Amino acid sequence: METLCRVGATVLHGILDSIKGITVIFYLDKEANRKLSQPTTKPLLSGSAPRTKESLSSQPRTSSSSSLVSKRIEESKVLKRVLQCSLLNGGIFMLSILFFEYAVLPGLHLFLWYLFRNSSTMSTVWGWTLPSLSLLFNSFWVAPLFLLSKIVNSLWFQDIADSAYKFRKGRPQLIPSISKLIADTLISLLIQILFLLQSTLVKYLPVPVPFACTAIYMMHMSLLCSLYAFEYKWFNMGWELHKRLTYIEQNWPYFLGFGLPLAVLSELPNSIVISGCVFSVLFPLFIISANEATPKVDVCETPLKLFSIVVALTNALFRGRTKPGKAALSQPLTPGSAGSLHNTRGLTPPLSSSASAFMFQQQQQQQQQQQFRHHNSQKHHHHNRSHHRQPSPSPSAASSTFASVQTAQLHQQHTVLNRPLRR
């Protein structure tokens, strides 16, 4: 009972933290303006020469003014990008769809009814007009604007996350390796797509218990929305994919509450396009809330491993090209496994290098082994030749060659003794 109370309180705490994004936007702007208004003059050093009027007048003012302008643009980017996301997704995209659905089509239907009210061709004309207009509108307006909004939103979301993180935390600490960075981004996108498909399948399972599938589906979507919001912050902190998923699974009560408002508000519209517009309008606020939030950890000892299936599928897809790993990505990490490559679990060994990099490393190791073996074989052959015993001469030839051998030995001793003198 005590565990249930703690889980409920943590879920409520996550919900409250997710709503703070609206107020944090204005708080960030006020603090940015306060920092800009502070003087930034540096004191003179003891060994530096005093400044005169001529030196101050001769210094260019363009550099200071340009740096101030760039600083203002960087710090005001959060509110600007949020307003741009709201205008594009809510003001242009969503309102245009609502205007077409609830103003253009009903008005045209009323106009055709007024023209053909005394004729039986009304149903035929409207039956051809409605699908034709819907197809044209979706093909030439909704689909291009949807693709454009996805590209622009991804850039604006990244600007909002980077600006909020730089203002609060400082310089981002990205993943040091470029191959790890690219692989982490691609595999993270693949896992999110597979997890979204898993959530959709759960929603339509034939379970006799009423609202059970809907509750499990909302649980999936809440964790996925939390992953979307916190991933920008964790990525700037240098967390790899296995660490991000493990952290969510171990502290699922907080992230369940944090992503619940965004998941519920996004599921209210019946249209998928309108649902995407609502998500794009509200998501920047949750990015800022995630950047400001401090998750409540170690509430429940039992992790909620909802990502295990998609992680197993991803590991199976990449197992043929990379080293096989026994541990799943969603398993908890050991305390010393965050910084080392060999102790990390899940997708990190396959993602730390691509297939080409892995083959190149294997070729280098094989070349080094071949060179080492060739060097040892040459050394062993030279050693055998130096210690090889020559066949002893016959007794008849010994007497004839004794003088020449003695002369050669004396000459060799003479050269050995004189060699240091020559050097």
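Heavy-atom basis, side chains included; hydrogens, waters and symmetry copies ignored. Numbering of residues begins at 1 and proceeds along the displayed sequence. Please read these numbers as outputs of a predicted model, since none were measured by experiment.
A perpendicular orientation is assigned to the rings of F255 and W234, their planes being inclined by more than 60° (bins at 30° and 60°).
At most 12 heavy atoms of other shown residues, nucleotides or ligands fall within 6.0 angstrom of atom CD1 in I309. With a 6.0 Å radius and a threshold of 12 heavy atoms from other residues, nucleotides or ligands, I178 has its CD1 atom at or below the threshold. At most 12 heavy atoms of other shown residues, nucleotides or ligands fall within 6.0 angstrom of atom CZ in F146. Crowding of I272 atom CD1: a count of heavy atoms from other residues, nucleotides or ligands under 6.0 Å not exceeding 12.
Judged purely by atom type and a 3.5 angstrom limit, S275 has no side-chain atom pairing as donor or acceptor with the backbone of P269. In this structure, N138 contributes its side chain and S134 its backbone to a donor-acceptor pair below 3.5 Å. A donor-acceptor pair is defined here as one N or O able to donate and one able to accept, closer than 3.5 Å; such a pair exists between the side chain of E249 and the backbone of F307. Side-chain N or O atoms of S18 include one that pairs as donor or acceptor with a backbone N or O of I15 at under 3.5 Å. When atom types are taken as modelled, the side chain of N89 and the backbone of C85 share a donor-acceptor pair closer than 3.5 angstrom. Side chain of Q158 to main chain of Y232: no donor-acceptor pair is present (N/O by atom type, distance under 3.5 Å, no hydrogens or angles). Distance alone, capped at 3.5 Å, is enough to place a donor-acceptor pair between the S154 side chain and the I151 backbone. In this structure a side-chain-to-backbone donor-acceptor pair under 3.5 Å is missing from R244 to L227. For W156 (side chain) and P284 (main-chain N/O), no donor-acceptor pair under 3.5 Å exists by modelled atom type.
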Handout entry: Verdict with reasoning, E231 to Q192, per side-chain hydrogen bond (donor to acceptor under 3.5 Å, both in side chains)
Key = CA-CA 11 Å; E231 194 170 29; Q192 291 171 6; 2.7 Å; yes
Exercise for the section: Just do the side-chain contact (heavy atoms from CB on, under 4.5 Å) check on N291 and N236 with the steps written out, would you? Expected result: CA-CA 10 Å; N291 189 74; N236 288 328; over 6 Å; no
Problem - Full working for salt bridge (Lys or Arg N to Asp or Glu O under 4.0 Å) between R6 and D298 - result: CA-CA 10 Å; R6 287 187 301 173; D298 298 333; over 6 Å; no
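Put simply, CG on L306 and CD1 on I216 are 9.0 Å apart, with the number rounded to the nearest 0.5 Å. Note that CG of L262 is 10.0 Å distant from CD of E267, once rounded to the nearest 0.5 Å. One finds the NE2 atom of H220 at 10.5 Å from the CG atom of L196 (value rounded to the nearest 0.5 Å). Note that the OG1 atom of T314 and the CZ atom of F195 stand 12.0 Å from one another [nearest 0.5 Å]. L110 CG to L115 CG: the interatomic distance, rounded to the nearest 0.5 Å, is 10.0 Å. The CG atom of L155 sits 8.5 Å away from the CZ atom of R81 when rounded to the nearest 0.5 Å.
By the 4.5 Å heavy-atom criterion applied to side chains, L148 and L88 are not counted as neighbours. Between Y247 and P295, the closest side-chain pair of non-hydrogen atoms falls below 4.5 Å. Using a 4.5 Å heavy-atom threshold, the side chains of H109 and M122 count as touching. With a 4.5 Å cut-off on side-chain heavy atoms, V278 and M94 count as touching. Annotation: side chain of W141 is not in contact with side chain of F100 (no heavy-atom distance under 4.5 Å). Side-chain contact check for L304 versus L223: some heavy-atom pair is nearer than 4.5 Å.
T200 approaches Y204 most closely through the heavy-atom pair O-CD1, 3.1 Å. Here the closest heavy-atom approach between residue F93 and residue V142 is recorded as CZ-O, 3.8 Å. Here the shortest heavy-atom pairing between W126 and L105 reads CH2-O, 3.4 Å. In this structure, L241 and I191 approach most closely via the heavy-atom pair CD2-CD1, 3.7 Å. When every heavy atom of K233 is checked against every heavy atom of Y165, the shortest pair comes out as O-CE1, 4.1 Å. Between G90 and V281, the shortest heavy-atom contact is N-CG2, 3.6 Å.
A salt bridge (Lys or Arg N to Asp or Glu O under 4.0 Å) check over residues 7-22, counting only residues at least two apart or in different chains, returns the pairs D17-K20.
Here F258 and F230 bring their ring centres to under 6.0 angstrom of each other.
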